[in-house]
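What follows is one structure encoded as structure tokens, with my remarks underneath.
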Amino acid sequence: MRVWYFSEMAFHPAWEEGLKRGSLRVVLPNSNFDPATGHTLLNRYLDEFALCDEVGLDIMVNEHHSTATCLTISVPMALAIIARETKKARLLSLGTPIANRPDPVRVAEEMAWLDVLSGGRLEMGLVKGAPYEIAPANSNPATLMRRYWEAHDLIIKAMSTTSGPFNWEGEFFHYRNVNIWPRPIQQPTPPVWMTGLSTGTGTLAAERGHVVGTLLSGGIAKPMFDAYRKRAQELGWTAGPDRLAYAAIIGVGHTREEGRRRANLVADYVRTSPVVAEPFTNPPGYNAVPANVALMKAGSVKNRFVGDDGSKDRTKASLDDFMASDTVFAGTPDDVYSQIKDFNERMGGIGHILFFGQGGYLDHKDTVENITLFAREVLPRLRTLTPDTITRPAAIAAE
Amino acid sequence: MARTMAIAGVDLELEERGEGPPLLFLHAGEGLAPERPWLDLLARRHRVIAPSHPGYGRSSLPDWLMTVDDLAYLYLDLADRLALRDATLMGACFGGWIAAEMAVRNTRRFGRLVLVDALGVKHGGVTDRDIADMHAIPREKFIELAWADPAKAAVDYTQMPESELAAIVRGQQAFAQFGWKPYMHNPRLKHWLHRIDIPTFLLWGEQDRIVTPEYGEGFRAAISDARMRVIPNAGHFPHWEQPEAFDDAVASLAN
């Protein structure tokens, strides 16, 4: 099993105001962002990423826009810095919201550039993006997934084609001379990742042999992982743990209390993340028709997203609530190891844990201890829990 | 009675009522809502033909059909297929945008154009919001802007059958597909409005705050033979909110 440290680089000094106004995203004016504080925080967060390399963790970066929850607005910008500051860690972009990007060839260039810069350490997530990312990008939600797949196909073709230029005249994207420089070290492309919450995403990822990641709920993750394994089997190959990833909040401490305290602070990520002005939570076409019909039938439920089981308001959940849903692993290193081991068994074997190790109010000292203690006491045991063997068949890889 | 007609690969659901001079009614972004009274009122004096736009109701939305231009050609085809003569072309809200796009292309099937609180053009500068951002406000706020009397707009979705809800959801998705960017208008349309060569009537809800009567006035000024009438106690959907007054206004246009 590999573990990827991850932080959204939160701007928590604005959270209180955002919570008061009922939205941390899209409509919270950026007068609530203090650039001087932002300068300190960004540099601190990048130091924390750099530390991960020293202690043997891999690194994941994501991006969001127009929000106090996440200052990373460009995965390639952040990873470019991290690539220079690290030597061994693999670098996971999870990822670029390609249906919100007007220029997929530019995405392919940036990813190839990062792969060259890092010496072939890049893993490339091509993601749909959250519903509230539609407004900052002003991309059309009704055609989002059609644009996603066209961009996906074009990016992979651009990265793996060595005999260009080639022509691309699609439904959404038009180029007559695609021939990216540089091209990636990892051929035909760096490993590709997708994210999602549904069994449908699991199935589609399996058809391409991509790694699929999901987050924050074992109840949602299991059916998705099962759908992936089932589809791979139907297509004649056996998907190993290396194809499946799960993001969880993790707090470790020398004592159980210390680990739980840290996790509880990081869990503010899950408490703040859904606080978005209602119109931006479900733009038309983002979710499938049956999911929207079910929402209308149920009437309005606050702070609820499609995919939630609807029984809890996530903004008010306790640490124990989150632990019961596998959103959080917390306690001593032994506690956390046994929780992940148990989770891994229940999921049928997964190869990647995405380790939310910082989430706003957890300060630098605590974050450093969370990272180092986890890396020293938990990571070595997890490394042998599931094999890293790549199970993606060469036949798909050649496509 | 609804029937389905295949045009250019689209299965188009048509609601047809009444007898008399033909009236092609193009519905609002909210959908046709054929159970509401305005179609019956119009059908007392007209043969009313009211399609559900592709994606709405039971009309199909093929992948290739992406823009309001496509809808304009689709309905020009429909008018040819039905061999309409001297028909009234009427569009409300989003349907008004489609009707205007048709009228700048070809009016040979039509004797008059009626635009009801139509979307489709932009008069102001880049930072002006001519058309309220219906997708950035909660439903309650939308209703407040779109209705003179918000109480009339209440719909209890929890009591609707799933098939009807699914049609509503598909319609919302289609509305977004056609109108998301540029938002609910075609930046080039206003430069072609001078081509409209049939008498044009603009009916506007006095309390419409999605597109105000002032916005309608801009539309009127760009069309050579156009008159505007404001309907009191109505918002963005005067045909829905004041069906009798709306029908009276339509009847008086004929004189």
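In what follows, chains carry the letters A, B, and so on, assigned in the order in which the sequence lines appear, proteins first and then strands, with residues in each chain numbered from 1.
Considering every non-hydrogen atom in both W180(B) and S139(A), the closest pair reads NE1-O, 3.0 Å. Residues A176(B) and P284(A) approach most closely at CB-CG, 3.6 Å, considering heavy atoms. Across all their heavy atoms, F280(A) and H135(B) have their closest contact at CE2-O, 4.4 Å. Annotation for D63(B) and R146(A): closest pair O-NH2, 2.7 Å, computed over non-hydrogen atoms.
Within a 6.0 Å radius of CD in E144(B), other residues, nucleotides and ligands contribute more than 12 heavy atoms. The number of heavy-atom neighbours closer than 6.0 Å to CD of E214(B), taken from other residues, nucleotides and ligands shown, is 12 or below. Atom CH2 of W168(A) has more than 12 heavy atoms from other residues, nucleotides or ligands within 6.0 Å. Within 6.0 Å of the CZ atom in R58(B), the count of heavy atoms belonging to other residues, nucleotides or ligands does not exceed 12.
Note: E162(B) leads Q172(B), E162(B), R139(B) in heavy-atom pairs under 4.5 Å with chain A.
Note that OG1 of T143(A) is 9.5 Å distant from NZ of K181(B), once rounded to the nearest 0.5 Å. The line from NZ of K141(B) to CD of E278(A) is 14.0 Å long, rounded to the nearest 0.5 Å. Taken from NZ in K297(A) to CD in Q159(B), the straight-line distance is 7.0 Å, to the nearest 0.5 Å.
With a 4.5 Å cut-off on non-hydrogen atoms, D156(B) does not touch chain A at all. For L144(A), no part sits under 4.5 Å from any heavy atom of chain B, backbone or side chain.
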- Task: Verify side chain to side chain contact (heavy atoms under 4.5 Å, CB included) between Q173(B) and N292(A), making sure each step is shown before the conclusion.
- Result: CA-CA 11 Å; Q173(B) 183 168 340; N292(A) 274 311; over 6 Å; no
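M66(B) places a side-chain heavy atom less than 4.5 Å from the side chain of E171(A).
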